[in-house]
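The structure appears right after this line, and notes come after that.
All values below come from the heavy atoms of this structure, side chains included, with hydrogens, waters and symmetry mates left out.
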Amino acid sequence: SWGDGTIAFTGAGASGDINATDRTYAAWTWLEDAAPGMSVVASISHTADTPTNIAHGLSAVPEFAWVRATSTTGGGYVYHKELTSKTGNYLLLNSSAAEAALTDAWGTQTDTNLIIDALPSATYVAYIWAGIDGFSSFGKYIGVNSADGPLVITGFKPALVILKNSDATEDWLLFDNLREGYNGANDYLKVTATTEGTNNYIDLLANGFKVRYNDAAVGGEGSNDTIF
């Protein structure tokens, strides 16, 4: 349950997912309509290969979206403006797989609607973001095969960084400024794993982040695209 900016877990959570005894958890939360550039739309009825317009109210073209089926199983489809095709490629949030192709998975996004098309028939919930100066940023960088990796300028100090090598089978990585909060020990979390990793993949900076590790997970070892 939640209210007034507080989240309360009232179940035992014996499976360990959210509330098991003696486990430490991390949570990143947005308050809809209060967080700029973010929209949540539920109960979206979609038929495959029929365009569905999802009104998002952002007054900007979506740059990142997670569309999760609620009537079937699965981790949901990810739209990102920097995938190889803005209409024909997608990622899966619960998978380490590289971007995959699906003709007309998405429509051409607009400042009023997120458009899904060839995604499977289901009822969906959509979490939709557009970049806001000083608050959020979405883009990609190209790996340089060096521990002296790319410098990514966001224009603000990130509190949360999510990375995915979209060209390879690599996990989604999450970094934040609270669990460790200092450079040299920015432990990461993986969407598909249950423990922290300890490689210092990135430094969090006042105006963005810097890649500090030559590993395929963050686009190193080649010229792969990594989205954020």
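- Using a 4.5 Å heavy-atom cutoff, the side chains of S166 and L83 are in contact.
- Note that NZ of K140 is 11.0 Å distant from CG of N224, once rounded to the nearest 0.5 Å.
- A heavy-atom distance below 4.5 Å is found between the side chains of F64 and V78.
- If you take CG on D117 and CG on D49, they are separated by 6.0 Å, rounding to the nearest 0.5 Å.
- The hydrophobic clustering, which links ILVMFWY residues whose side-chain heavy atoms are closer than 4.5 Å, places I132 and I153 apart.
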Checklist line | Stepwise side chain to side chain contact (heavy atoms under 4.5 Å, CB included) check, I227 with I162 | finding: CA-CA 8 Å; I227 62 168; I162 303 174; over 6 Å; no

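- Note on W106: it does not cluster hydrophobically with V61, by side-chain heavy-atom contacts below 4.5 Å among ILVMFWY residues.
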Notebook entry, point to check: Are H56 and S39 close enough, and set up right, to give a side chain to side chain donor-acceptor pair (under 3.5 Å), and what steps lead you there?
Noted result: CA-CA 6 Å; H56 51 65; S39 177; 5.9 Å; no

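- F209 and F228 have their aromatic ring centers within a separation under 6.0 angstrom.
- E63 contributes a side-chain N or O that, together with a main-chain N or O of G131, makes up a donor-acceptor pair within less than 3.5 Å.
- Between the side chain of N165 and the main chain of A216, a donor-acceptor pair closer than 3.5 Å is present.
- Listed for the S121 side chain is no donor-acceptor partner under 3.5 Å among the backbone atoms of T47.
- Among all heavy-atom pairs drawn from A69 and Y124, the shortest one is N-CD2, 3.4 Å.
- The backbone N or O of I115 lies less than 3.5 Å from a partner atom in the side chain of Q109, making a donor-acceptor pair.
- The closest side-chain heavy-atom distance from K164 to L91 is below 4.5 Å.
- Summarising the geometry of A60 relative to A130, their closest heavy-atom pair is CB-CB, 3.9 Å, with the distance given to 0.1 Å.
- The main-chain N or O of T123 is found under 3.5 Å from a side-chain atom of T70 such that the two form a donor-acceptor pair.
- No more than 12 heavy atoms of other residues, nucleotides or ligands lie within 6.0 Å of OH in Y213, so this atom counts as exposed by the packing criterion.
- Two rings, from W129 and W66, have their centers 6.0 Å or more apart.
- A pairwise comparison of heavy atoms in L93 and W172 identifies O-CD1, 3.5 Å as the closest pair.
- D167 places a side-chain N or O within 3.5 Å of a backbone atom of D225 that can act as its donor or acceptor partner.
- F135 CZ to T154 OG1: the interatomic distance, rounded to the nearest 0.5 Å, is 12.0 Å.
- In this structure, A126 and I54 approach most closely via the heavy-atom pair CB-CD1, 4.4 Å.
- By the 4.5 Å heavy-atom criterion applied to side chains, Y90 and L92 are counted as neighbours.
- Here the side chain of T110 pairs a donor or acceptor atom with the backbone of N113 at under 3.5 angstrom.
- Not a single donor-acceptor pair under 3.5 Å links the side chain of K86 to the backbone N or O of Y79.
- Without hydrogens or angle criteria, K157 side chain to G208 main chain gives no donor-acceptor distance under 3.5 Å.
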Next item on the list: Would you please test V218 and Y188 for side chain to side chain contact (heavy atoms under 4.5 Å, CB included) and show each step?
Entry: CA-CA 11 Å; V218 287; Y188 61 85; over 6 Å; no

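- In terms of heavy-atom proximity, L102 sits nearest to A118 at CD2-O, 3.7 Å.
- The shortest distance between side-chain heavy atoms of F175 and L163 falls below 4.5 Å.
- Residues I202 and V161 form a side-chain contact, since some pair of their non-hydrogen atoms from C-beta on lies under 4.5 Å apart.
- The minimum heavy-atom distance between L174 and K190, with the atom names listed, is CD1-C, 4.3 Å.
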Note to self: For D215 and Y201: C-alpha separation, side-chain torsions, deciding distance, then whether side chain to side chain contact (heavy atoms under 4.5 Å, CB included) applies.
What the structure shows: CA-CA 8 Å; D215 190 276; Y201 281 136; 3.6 Å; yes

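- Considering only heavy atoms from C-beta on, L114 comes within 4.5 Å of V67 through its side chain.
- In this structure, CG in D104 is found 11.5 Å from OG1 in T50, a value given to the nearest 0.5 Å.
- Residues S146 and N214 have side chains not in contact (no heavy-atom distance under 4.5 Å, counting atoms from C-beta outward).
- Checked by atom type and distance alone, the side chain of Y127 never pairs as donor or acceptor with a backbone atom of R68 at under 3.5 Å.
- Within 6.0 Å of CG in N207 there are more than 12 heavy atoms belonging to other residues, nucleotides or ligands.
- Under 4.0 Å is where a charged nitrogen must lie from a carboxylate oxygen, and between D203 and K210 no such pair does.
- Both V125 and M38 sit in one connected hydrophobic cluster of ILVMFWY residues. Membership requires side-chain heavy atoms under 4.5 Å apart, directly or through other members.
- No donor-acceptor contact under 3.5 angstrom links the side chains of S59 and D111, judged on distance only.
- Rounded to the nearest 0.5 Å, atoms CG (D148) and CG (L151) are 9.5 Å apart.
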Margin query: Between D176 and W28, is the side chain to side chain contact (heavy atoms under 4.5 Å, CB included) condition met? List the steps.
Written below: CA-CA 9 Å; D176 64 71; W28 304 275; 3.5 Å; yes

